[in-house]
Amino acid sequence: MDSLNSLIDGFGTALTPMNLLWAAIGVLLGTAIGVLPGIGPAMAVALLLPVTYGLDPTGAFIMFAGIYYGAMFGGSTTSILLNTPGESAAVVAAIEGNPMAKAGRGAQALAAAAIGHFAGGMIGTILLVVLAPTVASLAIGIGAPDYFAIMVLAFIAVTSVLGASRIRGIASLLIGLTIGLVGLDQMTGQQRLTFGSLHLADGVDVVIVAVGLFAIGEALWVAAHLRRSSGEPIPVGRPWLGRADLRRTWKPWLRGPVIGFPFGAIPAGGAEIPTFLSYVAEKRLSRHRDQFGKGAIEGVAGPEAAASASAAGTLVSMLTLGLPTTAVAAVMLAAFQQYGIQPGPLLFEREPELVWGLIASLFVGMVLLLALNLPLAPVWAKLLRIPRPYLYAGILFFAAVGAYAVGGESLDLVILLVIGLIGFGMRRYGLPVLPAVIGVILGPAAEQQLRRALQISDGSVSGLVNTPFSVTVYAIVALIVAWPLIARLVGRRRGDRNGTEDTRTAGGG
């Protein structure tokens with residue numbers, strides 16, 4: 001009841017005309033920036049930090065939260081329409097959303113994503129209000145072996161369900177892990193795969209890898225095949241979800257937040273892991289498995305709801321522990337310090353108006369985001385009517401601008417082109433792109449957690465499985481790995497049984 005009363009007071013703060021204006025500006029800016037490949041919510045918040053010096057803290061953080069949620073949706077827009085993720089949480093949306101768009105159902109994919117974001121954000125924010133203390137206490141108890149187990153689960157899950165074969169999925173993952181090794185060893189400071197370049201000592205930025213593999217690789221692939229096809233604009237299709245689509249999406253919209261929220265609250269990769277796991281879950285549970293990879297709407301609805309709920313989970317650990325679990329949370333933590341405010345257990349007591357105003361503004365931002373983007377779904381989908389040579393020329397331009405904006409170095413453009421050529425080669429030989437992106441995002445963190453766990457256990461491998469949580473996760477990993485073999489054995493037994501029955505029937509006849 002105390003939380004509910006505080007939330008009502010927070011709505012009183014969030015619904016003032018000025019704070020509503022900041023929320024609307026944040027959602028608009030976030031969506032616009034999210035649509036541009038390579039310029040994600042973290043960069044947007046960082047760029048706007050100096051602009052907010054004159055604002056009161058409550059208004060500034062309400063705008064930051066709007067940018068965060070808006071950029072996540074904007075990233076999925078280009079991911080669906082152009083196969084170009086605006087930020088890493090939108091990578092999964094491309095797997096099913098882009099085939100839907102190419103089949104003339106881009107507006108339906110965008111509508112499923114918009115409602116998924118709304119449902120995930122609402123459920124996630126309700127859980128933030130109700131469960132913040134509980135989730136925070138659980139996050140404190142998770143150690144290095146548990147983090148490593150979660151990342152192994154993400155690696156195995158994503159290589160098991162994508163591509164024509166597991167071997168190709170693992171090969172793609174190894175490419176990503178190799179790119180993730182570039183830079184200085186975090187433990188020893190030794191250079192790895194830098195070829196003597198000081199610029200590569202910091203590693204290859206995830207944004208450059210994602211934009212290179214998806215945007216540049218896709219553009220080169222399309223250019224290589226335009227000679228064989230006319231390059232006609234793709235039809236947009238009707239703008240609203242039909243009854244069949246709603247029947248297939250309402251369960252993923254509800255399942256996504258259950259996966260996304262807990263992962264947002266622990267430092268295990270932000271929204272990336274839950275979106276991948278949500279995709280895996282929807283593929284396993286769907287009655288239309290044959291459509292996955294060809295444009296299954298469940299593969300858009302579930303991961304997008306998980307991503308939005310994960311954003312709410314991120315705020316749990318930041319507000320209650322002062323622990324940033326994503327790049328955006330880290331920038332927002334810097335903004336808190338800019339105002340002389342220290343997030344942590346005492347924040348709810350010392351700054352109740354700010355905290356509850358911020359939480360209430362998340363509900364307001366979700367409504368604004370849905371009201372803004374659902375009617376605009378057909379408008380965004382009309383991007384596909386642009387002839388492909390002009391469209392992909394524009395993608396190459398914005399991808400280059402986004403890559404250059406990351407570090408302001410011309411070498412980043414060379415790296416972008418090299419990774420784009422790798423993406424083109426992966427498409428040529430049937431390797432799925434997503435495991436490579438996963439390897440780059442989670443590889444360095446997985447290595448760090450592995451080495452920490454081994455240091456704690458004095459090099460003993462048993463240190464990786466010395467907690468109930470890690471044992472449970474590894475059991476799930478073993479089940480995923482063994483499942484095809486189990487399914488094959490069960491199918492063979494059923495076939496033998498049916499064959500025996502057929503023989504008996506024939507003999508009896």
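Each residue takes its place number in the sequence, starting with 1.
- Shown here for Leu177 and Gly443, the closest heavy-atom pair between the two residues is CD2-CA, 3.6 Å.
- For the atom pair CZ of Arg105 and CD1 of Ile80, the computed distance is 12.0 Å after rounding to the nearest 0.5 Å.
- By the 4.5 Å heavy-atom criterion applied to side chains, Ile115 and Thr249 are not counted as neighbours.
- Side chain of Ser172 to main chain of Ala436: a donor-acceptor pair is present (N/O by atom type, distance under 3.5 Å, no hydrogens or angles).
- Residues Pro432 and Gly169 share a closest heavy-atom pair of CG-CA, 4.0 Å.
- No donor-acceptor pair under 3.5 Å is formed between the side chain of Asp146 and the backbone N or O of Phe469.
- Between Arg248 atom CZ and Arg287 atom CZ the span is 11.0 Å, to the nearest 0.5 Å.
- A side-chain donor-acceptor contact under 3.5 Å links Tyr279 and Glu96.
- Contact annotation: the side chain of Ile297 approaches that of Met100 to within less than 4.5 Å [non-hydrogen atoms, C-beta and beyond].
- Here Ala144 pairs with Gln449, Arg452, Ala453 under the side chain to side chain contact (heavy atoms under 4.5 Å, CB included) rule; sequence neighbours left out.
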Practice prompt. Take Ile216 and Ile419 through the test side-chain contact (heavy atoms from CB on, under 4.5 Å) and record every step on the way to the result.
Written response: CA-CA 8 Å; Ile216 306 296; Ile419 292 175; over 6 Å; no
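- Applying the side chain to side chain donor-acceptor pair (under 3.5 Å) rule to Gln191 yields the partners Thr194; only residues at least two apart in sequence or on another chain are considered.
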Discussion item. The test is side-chain contact (heavy atoms from CB on, under 4.5 Å); show your working for Val440 and Leu213 and say whether it passes.
Written reply: CA-CA 11 Å; Val440 176; Leu213 288 177; 5.8 Å; no
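- The ring-ring contact (aromatic ring centres under 6.0 Å, His included) analysis of residues 106-126, with sequence neighbours excluded, yields the pairs Phe73-His117.
- Counting all heavy atoms, side chain and backbone alike, Ala93 lies closest to Glu304 at CB-OE2, 3.4 Å.
- No side-chain heavy atom of Tyr429 sits less than 4.5 Å from a side-chain heavy atom of Arg168.
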Could you give the side-chain donor-acceptor pairs of residues 253-263 under 3.5 Å, partners two or more places apart or in another chain?
{"unit_1": "Trp253", "atom_1": "NE1", "unit_2": "Ala112", "atom_2": "O", "d": "3.1"}
{"unit_1": "Arg255", "atom_1": "NE", "unit_2": "Glu282", "atom_2": "OE2", "d": "3.1"}
{"unit_1": "Arg255", "atom_1": "NH2", "unit_2": "Glu282", "atom_2": "OE1", "d": "2.8"}

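- Counting heavy atoms from C-beta on, the side chains of Ser470 and Thr467 come closer than 4.5 Å.
- Using modelled atom types, one side-chain atom of Arg427 and one backbone atom of Gly423 make a donor-acceptor pair closer than 3.5 Å.
- Considering all non-hydrogen atoms of both residues, Pro303 and Ser278 come closest at N-OG, 3.2 Å.
- Considering every non-hydrogen atom in both Leu193 and Thr178, the closest pair reads CD1-O, 3.6 Å.
- Phe148 is not listed as a side-chain neighbour of Leu153, based on a closest heavy-atom distance of 4.5 Å or more.
- Considering all non-hydrogen atoms of both residues, Gly180 and Pro444 come closest at O-CG, 3.6 Å.
- In this structure, the separation between CG on Leu417 and CG on Asp412 is 12.5 Å, given to the nearest 0.5 Å.
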Worksheet entry | Check against side-chain contact (heavy atoms from CB on, under 4.5 Å), Met366 and Leu370 | CA-CA 6 Å; Met366 284 292 103; Leu370 187 68; over 6 Å; no
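- Shown here are the salt bridge (Lys or Arg N to Asp or Glu O under 4.0 Å) partners of Arg451, two or more places apart in sequence or in another chain: Asp185, Glu447.
- Taking CD1 of Ile179 as the reference point, atom CD1 of Ile415 lies at 10.5 Å (rounded to 0.5 Å).
- Checking side-chain atoms of Ser308 against main-chain N and O of Gly121 turns up a donor-acceptor pair under 3.5 Å.
- In terms of modelled atom types and a separation under 3.5 Å, the side chain of Ser310 and the main chain of Ala306 share no donor-acceptor contact.
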Return a table of donor-acceptor pairs under 3.5 angstrom between the side chains of residues 458-466 and protein atoms on other chains or two or more places apart.
{"unit_1": "Ser460", "atom_1": "OG", "unit_2": "Ser462", "atom_2": "N", "d": "3.3"}
{"unit_1": "Ser460", "atom_1": "OG", "unit_2": "Ser462", "atom_2": "OG", "d": "2.6"}

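- The CG atom of Leu277 sits 9.0 Å away from the CD1 atom of Ile476 when rounded to the nearest 0.5 Å.
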Discussion item. Determine whether Leu220 and Leu421 satisfy the following criterion, side-chain contact (heavy atoms from CB on, under 4.5 Å), listing intermediate values before the conclusion.
Written reply: CA-CA 8 Å; Leu220 293 175; Leu421 290 171; 3.9 Å; yes
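- Taken from CE in Met122 to CG in Leu362, the straight-line distance is 9.5 Å, to the nearest 0.5 Å.
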